[in-house]
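Order of appearance sets the numbers: ligands from 1, and atoms from 1 within every ligand. Here, residue 1 is the first one in the sequence, and each next residue gets the next number.
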Amino acid sequence: METDNTEEMFRIIFENALDGILLADFETKKFIISNPAICRMLGYSSEEITQLGVMDIHPEADIPYVIEQFEKGVRTENSLAADIPVKRKDGTIFYADIKISPVEIAGKTYALGISRDVTERRKNEQALRKNKEFIENLIEAMNDGFSVLDAKGVRIMANSAFYRMTDFSEEELINAGPPYPFWPPEYMDDIKAAFDKMKRREASDFELTFMRKNGERFPVIISTSCVKNEQGEITNYLVIFRDITRRKKAEELLRQQENKYHILSQEFQALLDTIPDGIVHLSPDLRIIWANKTLMKQVGPDEEAHLTGKHCYEAFWNYKMLCDQCSAVRSVASSSYESGNIVTPDGKILELRAVPIIGKSGSVESIIEVIRDITEHRKLEEQLRQALKMEAVGQLAGGIAHDFNNILTAIIGYGQVTLMRMEKDDPHRLNIDHILEAADRAAHLTNDLLLFSRKHISDRKHADLNKIIEKMEKFLKRVIGEDIECKTILHGQPIHIQADVHQLEQVLMNLATNARDAMPQGGTFTVTTAQVDIHEDFISAHGYGRPGTYAVITISDTGKGMDHETSQRIFDPFFTTKDAGKGTGLGLAVVYGIIKQHDGYINVYSEPGTGTTFRIYLPVIAAGEYEHEKAPDAEQPSGGTETILLAEDDDTLRYLAKIVLEQVGYQVIAAVDGADAVKQYIENKDRVQILLLDLVMPKMSGKEAYDEIRKITPDIKTVFVSGYAPDMIRQKMLLDIGMSIMFKPVAPMELLKKVRNVLDGIRG
Ligand code: ADP
Ligand code: MG
């Protein structure tokens, strides 16, 4: 009973077992018994199975392994071969874990195989593995950095994006932190706080600043989450890092864009771009929201992209100290219109006007500031003031000079006539010499006055600047004295200018005299010539100038120099720092006048103690303009026998000229005014070979008389003598048509030379 029962029980278990059961002959490996479960798995009937052996139900490739397991199972009494591929009747494959054990039945050993179909499990496992791979790939492929920390916050792994982001290598980070090397020291506290918050699960998202290996800081957004075990304890933290450098920039741009759009429409911006003043739209904390093109240009054309968002003082002159004076700052404070000027460190004078834009809440929402560069304007004003001053002094001086000239002409004339008549060994000769010398100085002074007041017409001819300086060198050395080294450095090529050589010599003399006075202890005096092109940038820097090619004469000394205040005034007539009797204050005023007459510019750079440099710019003339050179002046004035009609209203001067001319053999017919001259000419027209006419005379001017006489004799030779201002325009006209003009005071020798030249048909 018991046996029957047991057998019955085994049979029931055998028939109903879910695992497949096979009994195989150990030697032949043929199956002897199979249960229904294995028949289902294999797709064979139990009869069919008894025809098969171990070799028949596995793919050929796996047979050696299966046999090995089979034998091992029998020998060791226990073997579990996992995941063995099994071939069904229809050829399909399933996987099974097979446990093989030896069984003794009636003294014979059999192999008992119990098989469990694990295809399903395998599928799951595979799916899981695929999933894992997928996730790993995903993590690797992420643009964001990803890292897993353990419960203590120690990094377990990180993806390559993370290493790319920080530039650290895996090895460098593997045993590091926290704190990690990508935590910038200055943000350590922030990051630690975030870390603690993450651990306490108070927050999971953070915006922090990290550091790349090269020290560069960058903004990151961090998202964290945690992994817990079954007990609810945190085992890991997952951290995603996103480098938001670009996003920040984009956001900023977007913000600007919105702001711009919000406040200034495109049309309005375009309008403001056309305005020659700089216009800037500022936030109340003085950041640039928008700036018009004019301002961009002032700052530098490449700056456009970088201006927005910057503080205006950084962007424009990088000088916060000026903010106190800035109208924008005051406008923020006062909520009202403000204006004022500021002087920038580089010397620009800016006129600022700021208008606050008041928001609904009544507070200042933004500021519009208009910036006008008035530097040039100021300089022009300054120049105008200087010119007016010169004009006033000039008028005064010119008025005196007129009478003074006549007096001097008389003194010099009579002096020279007296000298001519004196015996060579006359003891009074010396006195007359002194008188003449003094008169000569006086004549120069008058000349100076007339020069800077522009009442004197200069006689400009083509000249090579280098030659002028070369010729002057000897004289300059004499003026400068032996204690001072005198150097001239000349431009390699001739520099062609249109100049009154005597006047330029005067300029150099005056500058050399001043240099000498500035170097009582000795030093170096240098004159150099060069040729430069003046461009817009020169003009805007100096506030004057016209574009073109210029000759530059640089005159520098290593003397005591002067302070800014002095250098501002040195061109003023009568400005001097020298002791009474030593300086007249006219030297540089004359220089200024002459240079202006030459359409040139002069400026001065000086520092107390280091010396002074004057720079003179004179327009260069083009090659075609100086082709006809004039013949050099005739040597010695000689007399003649021709008849001269002399018209001069000043009795003394008329008489003097008559004496001078008659002394060398000329016949002189004297007339007291223009009308008299015409009358006398008609009476003597066959005799008169040359006219000597004062320009300004009562009744009829010299020019009018000339015109009358020309009706009779069109090609009559004529020399005009001119006093001062009122004749100026006529002088110019006469010069233009190539007439000869002499300026008072006329020295007798000069007069003789001129008359002879004109008679002989030599110009000049
Ligand atoms: P003056 O020489 O009669 O004083 P100027 O017009 O020639 O008059 O010069 C005016 C002033 O300019 C001088 O008194 C002097 O103070 C200053 N000055 C001119 N040239 C120089 C120089 N090379 N170095 C220093 N100061 C100078
Ligand atoms: Mg001087």
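Judged purely by distance below 3.5 Å, without hydrogens or angles, the side chains of Glu369 and Ser327 pair a donor atom with an acceptor atom.
Atoms CG and CD1, from Asp373 and Ile349 in turn, are 8.5 Å apart once rounded to the nearest 0.5 Å. Between the CG atom of Leu586 and the CG atom of Asn510 there is a distance of 9.0 Å, given to the nearest 0.5 Å. In this structure, CZ in Phe614 is found 13.0 Å from CD1 in Ile553, a value given to the nearest 0.5 Å.
Considering backbone and side-chain N/O atoms, Phe614 never comes within less than 3.5 Å of an N/O atom of ligand 1. Considering backbone and side-chain atoms alike, Thr612 places an N or O below 3.5 Å from some N or O of ligand 1. Distances between N or O atoms of Ala518 and those of ligand 1 include no value under 3.5 Å. Of the N or O atoms in Asp517, none lie within a sub-3.5 Å distance of an N or O in ligand 1.
Contact annotation: Lys560 has no heavy atom less than 4.0 Å from any atom of ligand 1.
Within the set Gly587, Ser556, Gly585, the minimum heavy-atom distance to atom 3 (O) of ligand 1 is found for Gly585.
With respect to the salt-bridge test (charged N to carboxylate O, under 4.0 angstrom), the residues Arg654 and Glu648 do not qualify.
The proximity of Asp557 to ligand 1, defined as any non-hydrogen pair under 4.0 Å, is limited to the side chain. At a heavy-atom distance under 4.0 Å, atoms from both the backbone and the side chain of Ile570 approach ligand 1.
Counting heavy atoms from C-beta on, the side chains of Val721 and Leu693 never come closer than 4.5 Å.
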